[in-house]
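Heads up: the structure comes next, in structure tokens.
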Amino acid sequence: MVTFKNQVVLITGAARGLGLAYARCIGQLGATVLIQDIGANPEGEGTDPLVAERAADMLRSEGLDVRVITGDLGTREGCHTLCADALRVAARLDAVIHNAGWVAYEKIGMIEERSFDRMMTVTAKAPLWLAQAAWPAMKAAGYGRIVMTTSCRALYPQYVHQGLASYAAAKMAVAGLVNVLAEEGKRDGIIVNAVSPVAKTRMWGAEEEPDELLPSAVAPGVAYLASAQCTEGGWILRAANGQFHATKAAEAAGVDYPRNLQAIQASTAQEVAQNWASIAITAVEPRS
């Protein structure tokens with residue numbers, strides 16, 4: 001049975017949308033949930049601490065054990081302080097779910113270093129620093145679950161949107177983080193995975209309660225990744241409309257990387273050109 005009884009779960013960006021759905025689902029499964037949310041506007045600007053307080057009050061009125069924990073995800077120090085405060089408040093930290101994020105559309109000619117760096121900070125640096133901060137306590141306990149957030153808008157060329165180069169770069173960075181941290185953590189019982197969610201939230205542009213692509217339909221998958229029932233790392237769980245599909249890249253059989261790729265031999269650019277149809281093969285995911 002998936003249960004979070006006697007466990008503490010920290011969720012960033014948890015006052016609205018997907019994060020709120022995660023907090024409710026995991027709280028209903030018995031966790032003490034620590035919600036962090038700066039209360040930014042849809043453009044990712046400003047702060048409003050009442051947003052998190054109102055969300056916590058609502059969840060507590062539903063009988064859930066929810067506490068607000070303030071913190072800034074914009075720096076390594078801020079992320080470390082957030083986890084330290086979580087440990088002070090609850091004395092343990094069993095799972096961290098990094099959900100906080102934002103999206104900005106900037107075509108290639110409009111991207112500036114400031115906006116690119118901000119996207120990387122919120123989307124890729126923050127989960128790394130949170131994992132780094134939570135790692136010692138999880139290692140000492142011999143147990144931990146870390147869930148990061150990526151996007152199919154980055155992972156699959158079919159779903160890219162023009163203007164999302166910074167967003168896609170940051171979300172692909174998360175895939176690399178998961179691969180490495182899953183390997184680093186497994187010996188100490190720290191399982192690291194990512195979710196690629198789709199739901200109609202503020203980031204989608206939804207102003208009213210959706211009639212499809214509900215955040216609550218994603219939450220069970222995230223709850224599983226954050227639970228003791230999940231014992232394998234390195235997966236990306238695609239979650240949308242109550243359906244789930246986990247994926248990870250796997251090398252072809254017989255490859256001796258990097259000396260023998262079991263691939264097409266070519267010694268000149270012309271040979272590469274002549275063999276391109278055999279070299280360039282789209283990897284299509286199977287479905288049962």
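The first residue of the sequence shown is numbered 1, and numbering continues consecutively from there.
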Please answer: with hydrophobic residues joined when any side-chain heavy atoms are less than 4.5 Å apart, are [X] and [Y] in the same cluster?
{"X": "Val9", "Y": "Leu130", "answer": "no"}
{"X": "Leu34", "Y": "Trp135", "answer": "yes"}
{"X": "Leu10", "Y": "Leu18", "answer": "no"}
{"X": "Val33", "Y": "Leu87", "answer": "no"}
{"X": "Leu29", "Y": "Val8", "answer": "no"}

Hey, does [Y] have a side-chain heavy atom less than 4.5 Å from the side chain of [X]?
{"X": "Ile191", "Y": "Glu232", "result": "no"}
{"X": "Arg67", "Y": "Ile35", "result": "no"}
{"X": "Gln7", "Y": "Tyr143", "result": "yes"}
{"X": "Trp129", "Y": "Thr75", "result": "no"}
{"X": "Arg24", "Y": "Glu62", "result": "yes"}
{"X": "Leu73", "Y": "Val122", "result": "no"}
{"X": "Ile236", "Y": "Val195", "result": "no"}
{"X": "Arg118", "Y": "Trp102", "result": "yes"}

*Might you work through the side-chain contact (heavy atoms from CB on, under 4.5 Å) test for Met58 and Val66, ending with a clear yes or no?*
CA-CA 9 Å; Met58 178 178 63; Val66 177; over 6 Å; no
Under the 3.5 angstrom rule, does the side chain of [X] hit a backbone N or O of [Y] as a donor-acceptor pair?
{"X": "Asn241", "Y": "Gln243", "value": "no"}
{"X": "Asp37", "Y": "Ala15", "value": "yes"}
{"X": "Thr150", "Y": "Ser196", "value": "no"}
{"X": "Ser151", "Y": "Arg153", "value": "yes"}
{"X": "Arg145", "Y": "Cys230", "value": "yes"}
{"X": "Thr47", "Y": "Gly39", "value": "no"}
{"X": "Lys248", "Y": "Gly233", "value": "yes"}
{"X": "Asn193", "Y": "Leu225", "value": "no"}
{"X": "Gln262", "Y": "Val255", "value": "no"}

With rounding to the nearest 0.5 angstrom, report the [atom1] to [atom2] distance, [X] to [Y].
{"X": "Tyr105", "Y": "Leu164", "atom1": "OH", "atom2": "CG", "result": "5.0 Å"}
{"X": "Asn275", "Y": "Gln270", "atom1": "CG", "atom2": "CD", "result": "10.0 Å"}
{"X": "Gln162", "Y": "Lys107", "atom1": "CD", "atom2": "NZ", "result": "4.5 Å"}
{"X": "Leu181", "Y": "Met148", "atom1": "CG", "atom2": "CE", "result": "5.0 Å"}
{"X": "Cys79", "Y": "Asp72", "atom1": "SG", "atom2": "CG", "result": "7.5 Å"}
{"X": "Asp94", "Y": "Thr32", "atom1": "CG", "atom2": "OG1", "result": "9.5 Å"}

Minimum-distance pair of heavy atoms, taken over all atoms of [X] and [Y]:
{"X": "Ser166", "Y": "Phe116", "result": "OG-CD1, 3.3 Å"}
{"X": "Gly234", "Y": "Val178", "result": "CA-CG1, 3.7 Å"}
{"X": "Pro197", "Y": "Thr149", "result": "CD-CG2, 3.8 Å"}
{"X": "Ser216", "Y": "Ala21", "result": "N-CB, 3.9 Å"}
{"X": "Glu285", "Y": "Thr247", "result": "OE2-OG1, 2.6 Å"}
{"X": "Gln132", "Y": "Pro136", "result": "O-CD, 3.3 Å"}

*What do the steps show when you test Thr70 against Gln36 for side-chain hydrogen bond (donor to acceptor under 3.5 Å, both in side chains), and what is the final call?*
CA-CA 6 Å; Thr70 59; Gln36 178 277 341; over 6 Å; no
_More than 12 heavy atoms from other groups under 6.0 Å of CD1 on Ile281_ =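 Yes - once you tally the heavy atoms of other residues, nucleotides and ligands closer than 6.0 Å, there are more than 12.
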_Over 12 foreign heavy atoms within 6.0 Å of CZ, Arg287_ =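 Buried by this count: over 12 neighbours within 6.0 Å.
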*Intermediate values then yes/no, side-chain contact (heavy atoms from CB on, under 4.5 Å), Asp48 and Arg54*: CA-CA 11 Å; Asp48 182 356; Arg54 284 194 293 266; 4.0 Å; yes
*asked:* Side chains of Ser267 and Glu271 only: does a donor on one sit below 3.5 Å from an acceptor on the other?
replied: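 Distance-only check passes for Ser267 and Glu271.
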*asked:* Distance alone, cut at 3.5 Å: any donor-acceptor contact between the side chains of Thr12 and Asn99?
replied: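 Per modelled atom types, Thr12 and Asn99 side chains form no pair under 3.5 Å.
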*asked:* Under 4.0 Å between a side-chain nitrogen and a carboxylate oxygen: does that hold for Asp57 and Arg60?
replied: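 Answer for the salt bridge query: yes.
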*Do NZ/NE/NH1/NH2 and the carboxylate oxygens of Asp188 and Lys186 come within less than 4.0 Å?*
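Not counted as a salt bridge, because no side-chain N and carboxylate O are separated by less than 4.0 Å.
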*Derivation of the side-chain contact (heavy atoms from CB on, under 4.5 Å) call for Val218 and Tyr22*: CA-CA 8 Å; Val218 171; Tyr22 302 163; 3.8 Å; yes
*Check step by step if side-chain contact (heavy atoms from CB on, under 4.5 Å) holds for Val272 and Thr268.*
CA-CA 7 Å; Val272 173; Thr268 67; over 6 Å; no
*asked:* Under the criterion side-chain hydrogen bond (donor to acceptor under 3.5 Å, both in side chains), I'd like the reasoning laid out for Glu106 against Ser115: C-alpha separation, chi angles, the key distance, then a yes or no.
replied: CA-CA 9 Å; Glu106 296 176 311; Ser115 61; 2.9 Å; yes
